[in-house]
Structures are given as structure tokens and as C-alpha cells.
Amino acid sequence: MTEHSLSAGADQERPRVPHDSVALTAWLTTLIRNREYGTLAELRRAKGDTNAHIRAGWYGGDDHRDLFERMAFLFAIYHQGRSTPSYGHGSLGAAARRIGDGTGRGPDNPGAQRLLNRVVASRHIPWRHLQHTVTRLRSCEQPPPSWTGLAEDLINWNDRKARIAYWWSVEFHTPPAQGREAQNQPTTRKDTSS
């Protein structure tokens with residue numbers, strides 16, 4: 001047997017490494033807490049050939065290395081110049097509801113509407129529009145989407161059953177009182193019998 005055939009056999013026996021979006025988020029937020037600004041600066045480079053990108057890719061397992069490297073890029077863009085990490089909350093659609101200014105936010109803001117429309121109309125993961133969304137959230141001083149949830153959504157982007165783009169659109173257009181957070185709150189009924 002040659003050395004090449006030995007390594008090929010070892011690859012076949014090696015168990016598949018799964019992705020871990022929670023661990024990626026934990027690592028990225030630790031970079032902020034530990035003030036590892038050089039590593040964050042490496043992650044902001046669009047070309048993913050730095051050691052920081054490679055390390056972020058480890059969390060993507062065998063199937064999602066590139067996606068996790070790009071997620072780390074988005075995280076680093078949002079956190080540029082920030083000393084406190086944000087884990088984010090909600091989906092990208094819910095986060096896009098927060099984009100805007102005094103004239104309106106979310107569906108009431110034409111710029112936010114156009115941006116979300118570009119994101120959800122894409123057949124492939126719309127990295128450029130995602131970067132623009134994260135940049136807009138940062139400039140509006142609004143929290144980002146959940147980084148862990150965003151990674152999971154992007155993993156399922158092309159899964160027709162998951163319908164990620166559809167649900168982002170629904171969450172963007174859902175009135176605040178009817179959003180997921182409101183649905184999780186206990187409801188109280190007013191007595192209308194009197």
C-alpha cells in the first residue's frame with residue numbers, strides 16, 4: 001500500500017464532524033471579552049485565508065466550514081469598535097424590523113423593506129445583502145439577529161421544508177404585538193361581561 005492509499009482509507013474511517021453554531025458564537029463573543037482585536041480584524045477581511053477564518057471554520061464541521069467562516073466575518077463587522085459582545089436575538093427578519101430611523105423602522109422604512117426584499121429573493125445565500133443588513137443594524141445601534149440562529153437558518157437556506165426566507169419575511173412584517181416574543185407571553189383576557 002502506498003502512503004496515499006493509507007491516508008485515503010483513514011479518511012473513510014474518520015467519523016464526520018458535525019457543526020456547532022453555539023460554540024462558534026461562544027468563541028466569537030470571547031474574542032470581544034478578551035479584547036482580541038487583532039483576531040477580530042483578521043475576521044473582517046473578506047478573503048477567508050487567515051488563521052482566524054480557519055479557526056471559525058472548525059466549528060462548521062465537515063460540511064459547513066465556509067459558511068461558518070463567513071458568519072465570523074459578519075460577527076466581526078457588527079462588533080467593529082465595540083467592547084461588549086452581543087449574542088443578538090430573533091431571526092434576521094425580526095432584526096430587520098429594527099432597521100430605520102425617526103421616519104420609521106422595519107416595514108415602515110422603505111430602505112429596510114428593499115433590503116429585506118433583496119435578502120429573501122435570493123436563491124443562494126445572499127452574503128452581500130446579509131453584510132449590508134448587519135452593517136445597517138450596527139449603524140442604527142440595534143441588536144443583531146441571534147448569531148447562533150442565523151448560522152442554523154443559513155445552513156437550512158435551501159431546504160424547501162424549512163422555508164427560511166419565507167419565515168424571515170413573515171417576522172419582518174408581523175406587527176410587534178403579534179411577533180414570536182408576544183406569542184410566548186401569557187395572555188390575559190379582559191372581562192367583557194359587564
Side-chain angles (χ1 to χ4, degrees), residues 18-25 28-29 43-44 46 48 56 59-61 63-80 82 85-187:
H19 71 277
D20 190 347
S21 54
V22 172
L24 174 69
T25 301
L28 291 169
T29 56
L43 289 172
R44 283 192 300 274
Y59 297 103
D63 299 326
H64 305 292
R65 287 185 195 286
D66 183 58
L67 187 142
F68 276 54
E69 289 177 14
R70 291 179 181 213
M71 281 296 305
F73 169 76
L74 294 175
F75 179 93
I77 292 293
Y78 181 84
H79 286 89
Q80 184 173 3
R82 294 181 185 258
S86 175
Y87 286 85
H89 63 85
S91 72
L92 186 97
R97 277 192 72 76
R98 301 188 286 267
I99 294 174
D101 51 26
T103 61
R105 294 195 182 279
D108 298 329
N109 182 287
Q113 277 189 359
R114 282 190 304 272
L115 182 56
L116 185 78
N117 288 341
R118 283 188 215 118
V119 169
V120 299
S122 299
R123 293 179 70 187
H124 301 287
I125 296 175
W127 291 110
R128 184 171 49 106
H129 300 307
L130 292 172
Q131 178 183 351
H132 191 158
T133 303
V134 167
T135 302
R136 288 285 308 275
L137 286 164
R138 182 179 183 276
S139 68
C140 293
E141 297 183 13
Q142 295 297 316
S146 162
W147 298 109
T148 302
L150 182 59
E152 293 299 321
D153 282 352
L154 294 176
I155 287 169
N156 293 309
W157 184 256
N158 292 314
D159 181 349
R160 289 184 177 194
K161 290 181 182 176
R163 300 176 65 191
I164 301 302
Y166 171 79
W167 286 111
W168 284 359
S169 216
V170 167
E171 291 174 356
F172 178 77
H173 290 287
T174 300
Q178 297 175 4
R180 281 188 186 173
E181 290 102 19
Q183 291 174 359
N184 294 331
Q185 299 295 324
T187 55

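In this chain, numbering begins with 1 at the start of the sequence shown.
- Put simply, the side chain of S91 gets close to the backbone of A94: a donor and an acceptor are under 3.5 Å apart.
- Within the 4.5 Å cutoff, no side-chain heavy atoms of R105 are placed close to those of I99.
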Could you go through I155 and F68, starting from their C-alpha distance and side-chain angles, then the distance that decides it, and tell me whether this counts as side-chain contact (heavy atoms from CB on, under 4.5 Å)? CA-CA 9 Å; I155 287 169; F68 276 54; 3.8 Å; yes
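- Between N109 and G104, the closest heavy-atom pair is ND2-O, 3.2 Å.
- For the pair L43 and F73, the minimum side-chain heavy-atom distance is 4.5 Å or more.
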Could you walk me through whether S21 and Y59 satisfy the side-chain contact (heavy atoms from CB on, under 4.5 Å) test, starting with their C-alpha distance in whole Å, then the side-chain angles of each, then the deciding distance to 0.1 Å, before giving a yes or no? CA-CA 7 Å; S21 54; Y59 297 103; over 6 Å; no
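- Not a single donor-acceptor pair under 3.5 Å links the side chain of R97 to the backbone N or O of G93.
- For D63, the salt bridge (charged side-chain N to carboxylate O under 4.0 Å, His left out) partners are R16, not counting sequence neighbours.
- Considering every non-hydrogen atom in both L137 and P145, the closest pair reads CD1-CD, 3.8 Å.
- Ring planes of H79 and W147: tilted class, angle from 30 to 60°.
- At a threshold of 4.5 Å between non-hydrogen side-chain atoms, the residues T29 and F75 count as touching.
- To the nearest 0.5 angstrom, L116 atom CG is 7.0 Å from L92 atom CG.
- For the atom pair T133 OG1 and Q131 CD, the distance stands at 10.0 Å (nearest 0.5 Å).
- In plain terms, the two heavy atoms of W127 and L67 that are nearest each other are CH2-O, 3.9 Å.
- For the atom pair NE2 (H64) and CD (E152), the distance works out to 8.0 Å, reported to the nearest 0.5 Å.
- When every heavy atom of Q142 is checked against every heavy atom of R98, the shortest pair comes out as CG-O, 3.2 Å.
- Heavy-atom neighbours of R82 CZ from other residues, nucleotides or ligands within 6.0 Å: above the threshold of 12.
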Begin from the C-alpha positions of T148 and T25 and carry the test side chain to side chain donor-acceptor pair (under 3.5 Å) through to its verdict. CA-CA 6 Å; T148 302; T25 301; 2.9 Å; yes
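- Residue pairs meeting the side-chain hydrogen bond (donor to acceptor under 3.5 Å, both in side chains) criterion with at least one member in residues 153-166, sequence neighbours excluded: D153-W168.
- Put simply, the side chain of L154 reaches to within 4.5 Å of the side chain of L130, judged on heavy atoms.
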Check against side-chain contact (heavy atoms from CB on, under 4.5 Å), R138 and T135: CA-CA 5 Å; R138 182 179 183 276; T135 302; 5.6 Å; no
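- Side-chain contact between R118 and L115 is present, with heavy atoms from C-beta onward closer than 4.5 Å.
- The distance from the OG atom of S86 to the OH atom of Y78 is 5.0 Å, given to the nearest 0.5 Å.
- Of all the heavy atoms in G106 and A112, the pair that sits closest is O-CB, 3.5 Å.
- The shortest heavy-atom contact between V120 and A165 is CG1-O, 3.4 Å.
- Side-chain atoms of F172 and Q113, non-hydrogen and from C-beta on, do get closer than 4.5 Å to each other.
- Rounding to the nearest 0.5 angstrom, the gap separating the CD atom in E69 from the CZ atom in R65 is 8.5 Å.
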